Amino acid sequence: MAVVQGQDKSPLETKSEKIIAVVLDAGATFWRDSSGEAFVTIPNEGRIERYPVRSRDFRNLVLLLYGDAHPAATKGGGTRPGSASQHSLNDALGAFEALALRGAKREPRPRLCRGEGNEVWLDLGGPDWRLVRITPETWQLVGGADVPLLRPSGMKAMPEPVRSPCALQAFRSLLNFGSEHDFRLVVAWLVAALHPNGPYPVLAVDGEQGSAKSTFCRVLRRLVDPNRADVRAVPREERDLRVAATNGRLVALDNLSALSSEMADALCRVATGGGFGERQLGTNGGEFVVYVCNPVLLNGIPSLLTRGDLADRAIALTLPSIPDAARRTEAEIWQNFDAAAPGMLALLLDGLALALKDAPRLHLPRLPRMADFAKIACAAAPAFGWTTNDMLDALEQNRVGTVAGVIEADPVAVAVQGLAEQNGGWSGTASELLAAINRDTPQERQRERGWPKDSARLSGHLRRVAPALRRAGVEVAQTRTSTARLVSISAAGGREASSASQRHTPIQDGMTL
């Protein structure tokens, strides 16, 4: 950084005013977010760095600038960096906050953001502060830019993208996946994770012990959002989940044995976009509200998609077991990752550029539940040598398995499906339905926590599992009269239940509106 050696402008100039002058002379600009928090963009030794004004990193940089600009004499006749008191520093930071309140309003993000127009900026996280600028035409490395990208303390550097003809095959060899369909969905999910706008599908990975689930997830995280803790335990509270979502691009949770209904609902909000609010510290009635929308990555031994609402927003992968002869050491895996990552990231950026260009105008004959993701996946597919129909096949196959898994894991859904299959249909009140499924359900199952104990709880449970049952060929309709809740069940021959042979209407790749 070019240092301006400070000379007192007047004997009355305070030390805090000297600090302010040094920072402004360095080219700092100040801005704020929608809640009024102050941020700074400042050139430093050829880099363009960005910090919250009250962060430790910016305070340290201010002290360095001031110390170099106002050296102090030593007893030996030399000089040392000058020092500023905490009082003077706090006064200067207050002035910077005032400047920020008159500055531009922007929305800071970790790792990536959308710029003006249809471009995307990606912070590689390296010490040189280099960025990648992605447009609908191409992507390129940029030395620096004034964009609202911040670096939380846990962020680590990404590999620098370099195109390689063998990138896809090298990346494929790193992962333990069950089918080619699964691999295509993983790649599509990675492209979506680099897209600035959600909603995003939850990627839920399960498999038996030793199927390399944690390594699988760490590989994905290190490719698009490396962190000091690539995967972490499930948070105890929603507040902790919100903190993780605002301080990283991905929310990656490891080794889950189950998900509570509250945490499943919170993860749905994170993936599809939602607000988290709590009382603002230091106030009686103020509220602190944060909107988050992040890709979510989960892994565990059992299936984590037992709730239909979460499963409806998810890609489910079951990893196969690994024979002992095929196992590799951690050192070998990460050595291969370091070799493959630059080429694979470049390929993902190629896919993202295609998605930015074609997804908004891509027309699909039938949109699946995760419509935004489906359009991004299909638009990006040619970058990897796949067709739109290849990607739609993968999405359809995965949805079939997910629907079956939700029903198998839900005893009420199993009971309702069995009732429909036995009789072809059923109608009556919710109380009569509860009595009917109780007759065919063992007492130990009825004593489980999730089993509905009355008609009101059964009605709510049916609304939650109705989408999965509908895709499995069982239609559940509810109406309410002044005296009772009425339920109608019909076996209609599902759209997705028998879909091992069902296929979507073939379309031409690149078909647009």
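The structure presented is a predicted model; accordingly, all values stated were derived computationally and were not measured.
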Exercise. Starting at CG of Asn247, measure out to OG of Ser153 and round the result to the nearest 0.5 Å.
Key: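 With rounding to 0.5 Å, CG (Asn247) is 6.5 Å from OG (Ser153).
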Quiz item: What pairs of residues pass the salt bridge (charged side-chain N to carboxylate O under 4.0 Å, His left out) test when at least one of them lies in residues 133-156, not counting sequence neighbours?
Solution: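 Salt bridge (charged side-chain N to carboxylate O under 4.0 Å, His left out) check on residues 133-156 returns Arg106-Asp146, Glu119-Arg133, Asp123-Arg151.
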Practice problem: Please collect all salt bridge (charged side-chain N to carboxylate O under 4.0 Å, His left out) contacts where either partner lies in residues 250-273, sequence neighbours excluded, each pair once. | Solution: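 Qualifying pairs, neighbours excluded: Glu238-Arg269, Asp265-Arg307.
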By side-chain contact (heavy atoms from CB on, under 4.5 Å), which residues pair with [X], not counting sequence neighbours?
X      : result
Ala325 : none
Glu330 : Thr215, Arg218, Trp334
Arg47  : Asn44, Glu45, Glu49, Trp129
Asn197 : Arg114, His195

[X] side chain vs [Y] backbone, donor-acceptor pair below 3.5 Å:
X      : Y      : value
Asn227 : Gly154 : yes
Arg163 : Pro342 : no
Arg221 : Asp225 : yes
Asn176 : Ala212 : no

Exercise. State whether the number of non-hydrogen atoms from other residues, nucleotides or ligands found under 6.0 Å of Gln335 atom CD is greater than 12.
Key: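 No, CD of Gln335 has 12 or fewer neighbouring heavy atoms, counting only those of other groups under 6.0 Å.
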Donor-acceptor list for residues 56-64 side chains, cut-off 3.5 Å, not counting sequence neighbours:
unit_1, atom_1, unit_2, atom_2, d
Arg59, NH1, Asn90, OD1, 3.3
Arg59, NH2, Gln86, OE1, 2.6
Asn60, ND2, Arg56, O, 3.4

Practice problem: Report yes if the side chains of Phe373 and Ile315 come closer than 4.5 Å at any heavy-atom pair, otherwise no. | Solution: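 Yes - at least one pair of side-chain heavy atoms lies under 4.5 Å apart.
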Quiz item: Quick one: does Val202's side chain get under 4.5 Å of Leu310's, heavy atoms only?
Solution: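 Sidechains of Leu310 and Val202: in contact.
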Does [X] have any side-chain hydrogen bond (donor to acceptor under 3.5 Å, both in side chains) partners at least two apart in sequence or in another chain, and if so, which?
X      : result
Trp189 : none
Glu444 : none
Glu107 : Ser34

Self-check item: Residue list, salt bridge (charged side-chain N to carboxylate O under 4.0 Å, His left out) with Glu208, at least two apart or on another chain
Solution: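 None.
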Quiz item: Which residues pass the salt bridge (charged side-chain N to carboxylate O under 4.0 Å, His left out) test with Glu160, sequence neighbours left out?
Solution: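 Glu160: salt bridge (charged side-chain N to carboxylate O under 4.0 Å, His left out) contacts with Arg130.
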Practice problem: Test Lys375 against Asp372 for salt bridge (Lys or Arg N to Asp or Glu O under 4.0 Å), laying out the working first. | Solution: CA-CA 5 Å; Lys375 295 184 74 171; Asp372 298 274; over 6 Å; no
Exercise. Check each of Leu122, Leu348, Leu124 against Pro161 using the side-chain contact (heavy atoms from CB on, under 4.5 Å) test, and report the only one that passes.
Key: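 Result for side-chain contact (heavy atoms from CB on, under 4.5 Å) with Pro161: Leu124.
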